[in-house]
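Okay, so here's the structure we're looking at.
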Amino acid sequence: MSNKPNIANIAQYVDQEITLNGWLYNLRGSNKIAFPQLRDGSGIIQCVAKKSVLGDEAFAELRRLGQESALSITGTIHVDERAKSGFEMQVAGIKVHQNVSGYPISPKEHGPAFLHDNRHLWMRSKRQHAILKVRHLCIRAIRDYFDERDFLLLDSPIFTPNPCEGTSTLFETDYFGQPAYLSQSGQLYQEAGAMAFGKTYTFGPTFRAEKSSTRRHLTEFWMVEPELAYADIDDVMDLAEDFMVEVVRYVLERGGREHLAVLERDVGPLENVQKPFPRMTYDEACAQLAKLDQPVDPDSDFGAPHETKLTQQYDRPIMVHRYPTAVKAFYMKEDPENPARALGMDMLAPEGYGEIIGSGQREDSEDILVRKIAEHGLNREHFEWYLDLRRYGSVPHGGFGLGLERLVAWVCGLQHIRETVPFPRMMDRLRP
RNA sequence: UCCCGCUUAGCUCAGCUGGUUAGAGCAUCUGACUGUUAAUCAGAGGGUCCGCAGUUCAAGUCUGCGAGUGGGAGCCA
C-alpha cells in the first residue's frame with residue numbers, strides 16, 4: 001500500500017495532521033469560513049478553512065484563489081457527515097504554488113466540441129476520471145485474463161507493408177521511400193504466433209482511415225486479438241464468451257461500481273453478463289429479423305437497425321455466426337457444410353452498443369487461401385509469408401478481435417466512444 | 001461519401017412575422033454573509049450575432065456559397 005497520504009487512502013489518516021498536494025476543484029464560503037475542495041488525482045476532499053485559524057492575510061489569499069490553483073494544504077483529517085466523501089480536512093495552513101484565474105472549464109455545462117478542444121483540461125473532471133479509470137480496469141482485466149491462461153503476449157507490428165484485409169482504408173506513411181501502412185489489425189501476425197506458441201495475443205493501437213464519423217468510430221483505437229492453434233469456431237466462441245464474462249466481472253469486482261455510480265450507469269445489464277450467451281447462425285438471425293419486420297437482404301451483412309432490433313430481444317451479449325462468405329474477409333474459413341457461409345462470429349453487445357467482437361476460424365488450406373486472395377484482388381506476393389503458415393504445419397485455428405473503446409463505452413453506458421480514450425483521434429479531430 | 005440539424009458574451013443558451021440602443025444564467029471582477037454542497041445575495045465589465053456575397057428603406061432574423069460542429073447512413077472493432 002502507498003505510505004504517502006492521498007485522498008484515496010485518507011481513512012488511514014483520521015485525526016492526524018497531513019499535507020495534501022493538489023489543485024483547487026471548487027471554493028465556497030463566507031468571510032469567516034471557506035470550503036476549498038482539493039483534488040489530488042486520487043480523489044476530492046472538502047477542506048474547512050477558518051479565518052480565526054489562518055489569520056486575516058492567509059484567509060484573504062485563499063478567498064482569491066481560482067479554480068485549478070495549485071496548492072499544498074496541511075491540516076487534520078476528521079470524519080464528518082457534512083462532507084460528501086465522509087472525510088474533511090481542518091486546514092492549518094495552505095501553500096500556494098500557483099494562483100490560477102480564468103480556468104476555462106467551469107462547474108456548469110459545456111458542449112462536446114468545447115470539451116474536446118480542452119481535452120487536456122477536461123480529463124481533470126470527475127466524470128472523465130471515472131471513465132478513464134474504468135478503461136484502466138478493462139485493460140487490466142484483459143491482460144490478466146490472457147496472462148492467467150498462458151497466452152503469450154506477442155506484439156504485432158504497427159508498420160505493415162500491405163493491407164491485412166484489403167477492405168478498409170489505410171493510413172499510408174513514407175517508410176524510407178517505400179509506402180508503409182499503419183496496422184488495421186494484428187491478426188495475421190498472431191496466426192504466425194499461434195503456430196509458434198499455441199496461444200498468443202496482441203493488444204495495441206490500430207488505425208482505420210475510413211471516413212466514418214459516428215459515435216462508434218475512432219481512427220486510432222485499441223484492439224486485443226487472441227489467436228488459438230488447434231481451435232475451431234466453437235472453441236473461439238467459447239473463449240469469447242468466457243472472456244467477456246470474466247472481464248465484466250473483474251471490472252465490477254475491482255472498484256468499477258464506484259466509478260459507474262459517478263456515471264449513473266445502471267449495472268443491471270452488466271450483472272446479466274453470464275453464460276450462456278445466446279448463439280444463433282446468421283440465417284437464424286435473419287429469420288428472426290424477418291418476423292420482427294426488419295428483413296435482411298439475402299446474403300448481405302446486417303445494418304445498424306438490424307443489430308439494434310436483434311440485440312433488443314436479449315438481456316446479454318449475443319453471438320451470431322456463419323455469416324455470408326461474400327461479406328467476410330479473405331482469410332475466413334468457409335463452412336464445409338455450406339461454402340456460402342463463413343465460420344465467423346460477431347458478438348453483439350446489448351443496449352444498442354452493437355458489434356464489440358469480430359472473430360472466426362481461419363482458412364487453413366493453402367489452395368483455398370490462394371484462390372481467396374485472388375478473388376479479393378489482393379497481391380499474392382505480400383502474403384507469401386502468410387501462405388507459409390499453411391505449408392508448414394497448418395492446423396485449424398482461430399481467434400477474435402475486441403475493440404477496447406467499444407467495450408468501455410458499453411460498460412460505462414456512454415453515448416459516444418470518444419470519451420473512452422484520453423485523446424481521441426477522429427476524422428475531424430487530431431488536436432489536442 | 002450521402003442525408004438532416006446547429007453556429008449569438010469565456011461557457012450554455014434565448015432572441016416572435018425582418019424594425020429603434022443585443023438578452024439571461026454560469027464564469028470573471030468588486031462587495032456582503034461563521035457549515036457551504038453547481039452555495040446564496042447586491043453590483044460591474046464583457047459582442048466581428050461563423051465568413052463571404054446577395055435580397056431589402058432596414059438582416060442576428062430571408063437567399064446562395066463556404067467553413068466549423070453535432071446526429072444519422074454506409075463500413076467496421
Side-chain angles (χ1 to χ4, degrees), chain A residues 25-37 44-53 59 63-64 66-68 78 80-85 88 90 100-118 121-122 125-126 164-165 167-169 183-187 203 205-225 240 300-308 323 327-329 344 346-349 353-359 400-410 415-418 420-421 426-429:
Chain A
Y25 194 75
N26 200 0
L27 178 65
R28 287 180 291 269
S30 67
N31 69 347
K32 300 277 176 59
I33 186 169
F35 302 95
Q37 289 190 307
I44 295 170
I45 189 168
Q46 169 159 291
C47 304
V48 184
K50 291 177 176 167
K51 191 197 261 184
S52 58
V53 175
F59 189 82
R63 293 305 310 276
R64 283 195 299 270
Q67 193 184 351
E68 289 300 318
H78 294 291
D80 196 311
E81 283 180 4
R82 289 172 291 186
K84 275 188 173 168
S85 71
E88 233 174 35
Q90 290 287 340
V100 170
S101 70
Y103 183 70
I105 302 180
S106 66
K108 293 278 179 172
E109 46 188 296
H110 300 283
F114 175 80
L115 290 169
H116 276 98
D117 286 341
N118 289 284
L121 303 176
W122 186 29
S125 69
K126 280 180 193 170
C164 287
E165 309 189 16
T167 52
S168 305
T169 318
S183 175
Q184 61 180 335
S185 164
Q187 179 207 309
F203 193 7
T206 47
F207 307 87
R208 304 273 167 98
E210 287 165 352
K211 294 189 174 173
S212 299
S213 183
T214 82
R215 66 169 108 169
R216 296 174 57 196
H217 288 87
L218 297 167
T219 53
E220 176 182 330
F221 65 97
W222 279 63
M223 189 153 65
V224 60
E225 293 172 287
S300 306
D301 209 347
F302 296 147
H306 301 118
E307 285 189 359
T308 303
Y323 281 83
V327 303
K328 289 295 178 186
D346 286 353
M347 186 185 290
L348 307 177
Y353 283 88
E355 184 180 345
I356 52 175
I357 280 180
S359 74
F400 68 80
L402 167 104
L404 174 67
E405 287 77 10
R406 285 190 180 174
L407 173 71
V408 176
W410 168 52
Q415 283 299 305
H416 203 300
I417 197 172
R418 64 191 157 194
T420 65
V421 63
M426 298 179 291
M427 209 177 125
D428 298 316
R429 180 169 294 279

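Just so it is clear: chains get the letters A, B, ... in the order the sequence lines come, proteins before strands, and each one is counted from 1. Below, all heavy atoms of this structure are taken into account, side chains as well, without hydrogens, waters or symmetry copies.
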- Whichever of A:Lys84 and A:Asp346 has its nearest RNA chain B nucleotide further upstream toward 5': A:Lys84
- Using heavy atoms to find the nearest nucleotide of RNA chain B for A:Gly102 and A:His217 separately, return the residue whose nucleotide is more 5′. A:Gly102
If you measure from the [atom1] atom in [N] to the same atom in [M], how many Å do you get, rounded?
N      : M      : atom1 : result
B:rA73 : B:rA14 : P     : 26 Å
B:rC26 : B:rG71 : P     : 28 Å
B:rG35 : B:rG10 : C1'   : 31 Å
B:rA77 : B:rC4  : C1'   : 27 Å
B:rC41 : B:rA58 : P     : 45 Å
B:rU61 : B:rU7  : C1'   : 14 Å
B:rU56 : B:rC13 : C1'   : 29 Å
B:rU34 : B:rG45 : C1'   : 31 Å

- Using a cut-off of less than 4.0 Å, is there contact between a side-chain N or O of A:Asn118 and OP1 or OP2 of B:rC11? no
- Any side-chain N or O of A:Arg418 less than 4.0 Å from the OP1 or OP2 oxygen of B:rG70?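 Affirmative; the distance criterion is met.
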Euclidean distance, atom [atom1] of residue [X] to atom [atom2] of [N] [Å, nearest integer]:
X        : N      : atom1 : atom2 : result
A:Asn31  : B:rA42 : CG    : P     : 18 Å
A:Lys50  : B:rG35 : NZ    : C1'   : 9 Å
A:Phe302 : B:rA73 : CZ    : P     : 16 Å
A:Gln184 : B:rA77 : CD    : C1'   : 11 Å
A:Arg63  : B:rU28 : CZ    : C1'   : 15 Å
A:Asn26  : B:rU36 : CG    : C1'   : 10 Å
A:Met426 : B:rC75 : CE    : C1'   : 18 Å
A:Glu405 : B:rC76 : CD    : C1'   : 14 Å

Name the nucleic acid region contacted by [X], choosing base, sugar-phosphate or nothing; use a 4.0 angstrom heavy-atom cut-off, strictly under.
X        : answer
A:Phe114 : sugar-phosphate
A:Ala304 : sugar-phosphate
A:Gly354 : nothing
A:Leu407 : nothing
A:Ser52  : nothing
A:Gln90  : base
A:His416 : sugar-phosphate
A:Ile356 : sugar-phosphate

- Message: Check this for me: does the side-chain of A:Arg28 come within 3.5 Å of the base of B:rC33 through a donor and an acceptor?
- Response: no
- Query: Between the base of B:rU37 and the side chain of A:Gln37, is there any donor-acceptor pair under 3.5 Å?
  - Reply: no
Nearest to the [X] side chain among [options], which nucleotide is it?
X        : options                : value
A:Ile33  : B:rU34, B:rA77, B:rU36 : B:rU34
A:Lys32  : B:rA38, B:rU12, B:rU34 : B:rU34
A:Arg82  : B:rG35, B:rG74, B:rC11 : B:rG35
A:Arg216 : B:rC76, B:rU34, B:rG35 : B:rC76
A:Gln46  : B:rU36, B:rC29, B:rC76 : B:rU36
A:Phe35  : B:rA73, B:rC76, B:rG35 : B:rG35
A:Ser106 : B:rC29, B:rU12, B:rC26 : B:rC26
A:Arg406 : B:rG71, B:rG35, B:rA77 : B:rA77
A:Arg215 : B:rA77, B:rG74, B:rG71 : B:rG71
A:Met223 : B:rG35, B:rA77, B:rC33 : B:rA77

Side-chain ([X]) to main-chain ([Y]) donor-acceptor, under 3.5 angstrom:
X        : Y        : answer
A:Glu225 : A:Gly186 : yes
A:Gln187 : A:Ser359 : no
A:Lys32  : A:Ser52  : no
A:Glu405 : A:Arg418 : no
A:Tyr103 : A:Leu121 : yes
A:Arg406 : A:Arg216 : yes
A:Thr206 : A:Phe221 : yes

- Task: Check A:Asn31 against A:Phe59 and note the closest heavy-atom contact, atom names and distance.
- Result: O-CE2, 3.4 Å
Please give the nucleotide sitting opposite [N] as a Watson-Crick or G-U wobble pair, both distances under 3.5 Å, or none.
N      : result
B:rG35 : none
B:rU69 : B:rG5
B:rC16 : none
B:rC75 : none
B:rU30 : B:rA42
B:rC62 : B:rG54
B:rU48 : none

- Kindly indicate, with the supporting measurements, whether the criterion side chain to side chain contact (heavy atoms under 4.5 Å, CB included) is fulfilled by A:Phe35 and A:Asn26. CA-CA 8 Å; A:Phe35 302 95; A:Asn26 200 0; over 6 Å; no
- Message: side chain to side chain contact (heavy atoms under 4.5 Å, CB included) for A:Arg208 and A:Thr219? Distances and angles first, verdict last.
- Response: CA-CA 5 Å; A:Arg208 304 273 167 98; A:Thr219 53; 5.9 Å; no
